[in-house]
Number of protein chains: 2
Amino acid sequence: METNKGHVILLVDDEQDILEFLSYTLQKEGYKVFTATNGEEAVKKVQEISPSLILMDVMMPQMDGIEACQIIRKDLNLKQPIIAFLTARAEDYAQIAGFSAGADDYINKPIRPRLLISKIQSLLRRVNVANTANTEHHEVGIIIDRERFVVIVEKQEFQLPKKEFELLELLASRPGKVFNREQILSLVWGNETVVGERTIDVHIRKLREKLGESYIRTIKGVGYTFNQV
Amino acid sequence: METNKGHVILLVDDEQDILEFLSYTLQKEGYKVFTATNGEEAVKKVQEISPSLILMDVMMPQMDGIEACQIIRKDLNLKQPIIAFLTARAEDYAQIAGFSAGADDYINKPIRPRLLISKIQSLLRRVNVANTANTEHHEVGIIIDRERFVVIVEKQEFQLPKKEFELLELLASRPGKVFNREQILSLVWGNETVVGERTIDVHIRKLREKLGESYIRTIKGVGYTFNQV
DNA sequence: AGCAGGGGTAACTTTGCGTTAACACGGTGG
DNA sequence: CCACCGTGTTAACGCAAAGTTACCCCTGCT
């Protein structure tokens, strides 16, 4: 899936071994990877390369991850990246502090590569949605907030059930693109699960009921698309 | 960083060499350092100087660290300091006892100065986080006081048990963010401990019972979130 | 020993999401 | 004009997730 490629990831850890290992793993997946060995350096790099995602150790010399996180979050000139902390066990409190400092997720050491990749994918999917949503939402008037699991349409906030949310998230991730039923099924439901075709219609119906008729358009014989304009 | 300065640290160890060495290291970083050579002395000093942080050896003559820790924790008149034990590696058991006596962390000997500094910074940040959290949550109508382990909702004060407190603390650390069960389990319970899924529900229930129904919202199939507004 | 409270589990209930089934409707081609 | 296809719409049902309650074990205190 070429949507994974091209994302810029910043790795921050004081241990060279870990940096190399992760760097290798992620580059193999097609990401552009940059590194830093402490918080101070990380903040500088963020300004230079404006990454989509930061994977950062909590405990580091010079400036630790939480402090760096706070600084990045406060800088309104930055394109805000997703920040995930790497933590060893027994640092529970640091994790909590991490959340209140503005972290989006955490990943526990020791790192399992496969799990890491899949977490990264799901984190980066947010960006697609958030970005397109943010840029488009002025025109479209819709905001999809995955973190809070709410959708805001014309200043009205909706709390959608899981599947409806995921479906909307998919469609809105690329406004104008027509998703066919096969794609929708495999992206929202997954490749294994087999459900009847009518299921999609029903969820579309519920979405239209809540958001209004104008957001999702049917292309007969093809699929559905999230309305631009 | 300015926030580090001005913190009062109490060192407790029976070996004069260590006291001097640590004293020197920490003073160089800008902390105000006091010392004691046994538990008894430590307890007295705490009352006098009311430190933010205590670094204390476990094994000491007169009164050992664990006993001193218990006494300090029980004294409700004290501004509760953060307590970290200094331990040799072979004292695993003492560490466990230390946590149940109310310790916040432990630091293994031999002490690596840089690591020590960074740990201290992260420990002391708790105080800051707790403080900022207090002000933030005023809007929400809830105050979470980590120092006194107390939650205040609409002017009513609650003494929560540890697990309930930690769970609430996590959720409230980022109002609006949805935490899934996996995250909750690993952040509140830790990664190794395996507890049944229903355990979370039960604690959520107890919290709702005490705080009222409106603070914690369930997002079915996703997780829980602390309500804004 | 006895008691109290925290923490966890087990078992049952409740809820509401996701899915299906059944039918309606409109366009299209034979 | 009607048979068919793709989709819209609604109601109903089953099931998994969350709620709830009671109970047990452990620890600490008296």
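Below, chains carry the letters A, B, ... as their sequence lines are ordered, and counting in each starts from 1.
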* So what does B:Tyr224 touch, heavy atoms closer than 4.0 Å: a base, only the sugar-phosphate, or nothing? -> sugar-phosphate
* To do: Would you indicate, yes or no, if D:dG19 has its OP1 or OP2 atom less than 4.0 angstrom from a side-chain nitrogen or oxygen of B:Arg208?
  => yes
* Below 4.0 angstrom, N of the basic side chain to O of the carboxylate: do A:Glu209 and A:Arg205 qualify? -> yes
* Asked: Rounded to whole angstroms, how far apart are CG on A:Asn180 and C1' on D:dG6?
  -> 14 Å
* **Residue whose nearest DNA chain C nucleotide is more 5′ - A:Lys220 or A:Val202** => A:Val202
* Figure out the CD1/P separation between A:Ile200 and D:dG6, and round it to whole Å. => 14 Å
* Asked: Can a side chain N or O of B:Thr199 be found less than 4.0 Å away from OP1 or OP2 on C:dG8?
  -> no
* To do: Using the closest heavy atom to pick a nucleotide of DNA chain D for each, name whichever of B:Arg205 or B:Gly223 lands nearer the 5' end.
  => B:Gly223
* To do: May I have the distance from B:Glu164 (atom CD) to C:dG6 (atom P), rounded to whole angstrom?
  => 7 Å
* Asked: Under 4.0 Å between a side-chain N/O of B:His203 and OP1 or OP2 of C:dG7, yes or no?
  -> no
* Asked: For B:Thr218, which contact category applies under a 4.0 Å heavy-atom criterion: base, sugar-phosphate, or nothing?
  -> sugar-phosphate
* Could you tell me which residues satisfy side chain to side chain donor-acceptor pair (under 3.5 Å) with B:Asp201, sequence neighbours excluded, listed by chain and number? => B:Arg181, B:Arg198
* **Whole-Å distance separating the NZ atom of B:Lys210 from the C1' atom of C:dG5** => 10 Å
* To do: Report the C-alpha separation of A:Tyr31 and A:Ser52 in whole Å, then their side-chain angles, then the decisive distance to 0.1 Å, and conclude whether the side chain to side chain donor-acceptor pair (under 3.5 Å) test is met.
  => CA-CA 10 Å; A:Tyr31 299 106; A:Ser52 318; over 6 Å; no
* Take the protein atom NZ of A:Lys206 and the nucleotide atom P of C:dT20, then report the distance between them rounded to whole Å. => 12 Å
* **d(CG, A:Asp201; P, C:dC23) in whole Å** => 17 Å
* Ignoring backbone atoms, test whether B:Arg198 places a side-chain nitrogen or oxygen under 4.0 Å from the OP1 or OP2 oxygen of C:dT9. => no
* Starting at CD of B:Glu209 and ending at P of D:dA18, how long is that distance when rounded to a whole Å? -> 19 Å
* **Distance in angstrom units between A:Ile216 CD1 and D:dG8 P, rounded** => 10 Å
* To do: Using a cut-off of strictly less than 4.0 Å, decide whether B:Trp189 has a side-chain nitrogen or oxygen near OP1 or OP2 of C:dG7.
  => no
* Would you confirm whether A:Gln183, through its side chain, and A:Asn180, through its main-chain N or O, come within 3.5 Å as a donor-acceptor pair? => yes
* Asked: Is A:Arg208 reaching over with its side chain to a backbone N or O of A:Ile216, donor-acceptor style, under 3.5 angstrom?
  -> yes
